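This report concerns only the one structure given below.
If you're wondering where the values come from, they're calculated on a predicted model, not measured in any experiment. Whatever order the structure lists them in is the order used to number ligands and atoms, beginning at 1.
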Amino acid sequence: MRVLGFESSCDETGVALVELPPAGQPGMPKLLAQALHSQIAMHQAYGGVVPELASRDHIRRVLPLSREVLAQAQLGLHDVDVIAYTEGPGLAGALLVGAGVAVSLAAALGKPAVGVHHLEGHLLSPFLSADPPEFPFVALLVSGGHTQLMRVDEVGQYEILGETIDDAAGEAFDKSAKLLGLPYPGGPHLSKLAEQGRADAFELPRPLLHSGKPDFSFAGLKTAVLTQVKKLGDAPSEQQRADLAASTQAAIVEVLVKKSLLALKSTGLKRLVVAGGVGANALLRAELNAACMKRGVRVHYPELSLCTDNGAMIAMAAAMRLQRGMARLREDGGFGVRPRWDLSAA
Ligand code: KG4
Ligand code: ZN
C-alpha cells in the first residue's frame, strides 16, 4: 500500500510518497520519494509569514511537486492507495489548499483521503531515520508554534507532560533574531551568528527553570533580549551581536535540556525523541546528547532535512496509523481543516 502525503500548514509545500509493508507483515513504512518547496525567500521581505501569500504559493506548487514525487518514484497516480494531508493545526487558508487537493484527488481516483495532525507528523518523523525509536518514549516537540514535552506510549497515545505558557522555543529564536536584525526565520541565522559569540557574555533569564515542572515560558527572554539590544544602541559591533546571539541560544537550550531531563526522570523512561524545527539546532543536539549519555538515555532525532515541515512526515504519520487501523479515513468526499487542534485530542 502506498500513501501520498501533502503538507501545507504554513510556509512549506511538501509532498511525499511512502510505502507500507504488505498487509499483515511487520516493518516500518518506507519513504519512496519526496519534494519540498520552501516559501522562506518570499516571506523574508515581510519579516514573517504572510498567510494569504502562503496559500497562493501552495496552490502554485502543490501539483508540480506531486508530479515530481511520482516521477522520482517512477509511479503514477493509480499506484497510490491513500491520500494524506495535514488537517491542522496551522494557517486556515494554507491548510485548505492541501486538504482541497488531497480530497479532490482521492475522490477522482476513488481512493480514501486521510487527515493528519501536523504535530503527530513531527513526532513520528524520527521513524523515517536509519535508527528509528521504539515506544514508549518522552518527546520534546519544539517548533515555531509549539513547545511541548509528551509521554508517547504508542501512535495516538500522547500525554502532555508540560508545555509553554506563552511563546514557543522557535518563536523565542525567531523574535530574538529579529531584534538582532537577522532575517526570517531567525532560528538558523541566530544559531549561525552564535558560533562567533560567547554564551556567558550576557546574563539572560531562564524562565521557569526551577519550577520543578516540565513547563516553559519564553516571553520574558524576548523582553530581556530587547533590553540588551536597546543598551547596545544603534551600532552594536559584530562581536556584541554574536555574544548576544550566543547568550540567547544558551538560555533557550539550557531550559529545553533541563525540562527534558525532568520529564525523563518523572516518567522513568530511558528514551527521548526530539522533533520540530528547533530540533535542528546544533547546540541543543550536543547538550541533549551529552546530558542523556550520562544518564543512559537514548536520544533520537529526525534527519536534519526532516526537522522542519515536510510531506514525508505527513505520509509517514498516516502510514503508521493505517498499519494500526486507526487512520482518520474520509470517504465522504467532504473535507475540513482544524487550524487549532490539540495533539492530545488527536
Ligand atoms: O517545525 P517547523 O518547521 O515549523 C512549525 O511547525 O512551526 O519549525 C520552524 C521553527 C522556526 O522557528 C525556526 O526558526 C526554527 O524552527 N529552527 C531553528 C533551527 N532551524 C529551524 N531554531 C534554532 N536553530 C536551528 N538550527
Ligand atoms: Zn511544523
Side-chain angles (χ1 to χ4, degrees), residues 5-14 16 36-40 43-44 47-49 51 54 58 85-91 94-95 98 116-126 139-148 163-164 167-180 182-195 197 199 216 218 221-222 245-246 248-257 273-288 301-314 316-317 339-341 343 346:
F6 293 100
E7 156 62 29
S8 72
S9 68
C10 188
D11 57 353
E12 257 101 25
T13 320
L36 184 76
H37 176 78
S38 169
Q39 305 177 351
I40 285 176
H43 295 296
Q44 230 155 31
V49 177
H58 286 307
Y85 64 95
T86 306
E87 189 174 339
L91 301 168
L95 289 167
V116 173
H117 194 293
H118 179 82
L119 295 180
E120 183 169 74
H122 276 301
L123 197 64
L124 300 178
S125 61
L140 172 66
L141 195 60
V142 271
S143 70
H146 293 83
T147 299
Q148 294 178 330
E163 59 192 328
T164 182
D167 290 355
E171 227 173 327
F173 268 107
D174 293 344
K175 288 179 176 172
S176 305
K178 200 167 186 176
L179 292 170
L180 280 162
L182 296 167
Y184 174 86
H189 294 282
L190 187 141
S191 145
K192 184 100 191 73
L193 181 60
E195 284 170 17
F216 305 87
F218 290 108
L221 176 63
K222 172 191 64 195
T248 305
Q249 176 174 250
I252 298 171
V253 167
E254 185 181 340
V255 175
L256 294 177
V257 172
V273 163
V274 184
V278 181
N281 185 270
L283 181 71
L284 177 65
R285 287 187 174 216
E287 299 275 319
L288 277 177
Y301 305 92
E303 282 173 26
L304 267 184
S305 63
L306 297 182
C307 279
T308 41
D309 295 347
N310 61 83
M313 68 183 198
I314 301 304
M316 183 64 175
R340 296 173 138 303
W341 186 10
L343 182 55

Handout entry: Distance from atom 6 (O) of ligand 1 to nearest protein heavy atom, with residue and atom
Key = His118 NE2, 3.1 Å
Fill in the blank from the handout: Per residue Asp309, nearest N, O or S atom to the Zn ion (ligand 2) is named OD1
Problem - Min heavy-atom dist Cys10 to ligand 1 below 4.0 Å - result: no
Problem - Plane angle bin for Phe216 and Phe218 - parallel if under 30°, tilted between 30 and 60°, otherwise perpendicular - result: parallel
Exercise for the section: Can you see which heavy atom on Asp174 is nearest to which on Gly187, and at what distance? Expected result: OD1-N, 3.1 Å
Handout entry: 2.8 Å cut-off met by an N, O or S atom of His122 to the Zn ion (ligand 2)
Key = yes
Handout entry: Value rounded to 0.5 Å, distance of OH in Tyr85 from OG in Ser8
Key = 10.5 Å
Handout entry: the Zn ion (ligand 2) reached by Cys10 (N, O or S, under 2.8 Å)
Key = no
Practice task
Answer whether the closest heavy-atom distance between the side chains of Leu221 and Asp167 falls below 4.5 Å.
Solution key: no
Practice task
Give the residue and atom name of whichever protein heavy atom lies nearest to atom 2 (P) of ligand 1, and the separation in Å to one decimal.
Solution key: Asp309 OD1, 3.5 Å
Exercise for the section: List the closest protein heavy-atom neighbour of atom 9 (C) of ligand 1: residue, atom name, distance to the nearest 0.1 Å. Expected result: Gly144 N, 3.7 Å
Exercise for the section: Please examine the side chains of Tyr184 and Lys178, heavy atoms only from C-beta on, and report whether any two atoms are closer than 4.5 Å. Expected result: no
Exercise for the section: Consider every N or O of Gly186 and every N or O of ligand 1, then say whether any pair is closer than 3.5 Å. Expected result: no
Exercise for the section: Note the single closest protein heavy atom to atom 22 (N) of ligand 1, along with its residue, its atom name and the distance in Å. Expected result: Gly187 CA, 3.5 Å
Exercise for the section: Check each atom of ligand 1 against the heavy atoms of Gly145 and keep those under 4.0 Å away; list them by number with element. Expected result: 7 (O)
Problem - Distance-only polar pair, side chains of Thr86 and His118, donor-acceptor under 3.5 Å - result: no
Practice task
Kindly indicate whether the side chain of Gln249, heavy atoms from C-beta on, has any atom under 4.5 Å from the side chain of Ile252.
Solution key: no
Handout entry: Test of proximity, Gly277 against ligand 1: N or O pairs below 3.5 Å
Key = yes
Completion exercise
ligand 1 atoms nearer than 4.0 angstrom to some heavy atom of Thr308 are 3 (O)
Problem - Contact check: Asp174 vs ligand 1, nitrogen or oxygen atoms, below 3.5 angstrom - result: yes
Handout entry: Any N or O of Asn281 closer than 3.5 Å to N or O of ligand 1
Key = yes
Handout entry: N or O pair under 3.5 Å between Pro185 and ligand 1
Key = no
Exercise for the section: Report yes or no: does Arg285 contribute a side-chain atom to a donor-acceptor pair with the main-chain N or O of Gly279 at less than 3.5 Å? Expected result: yes
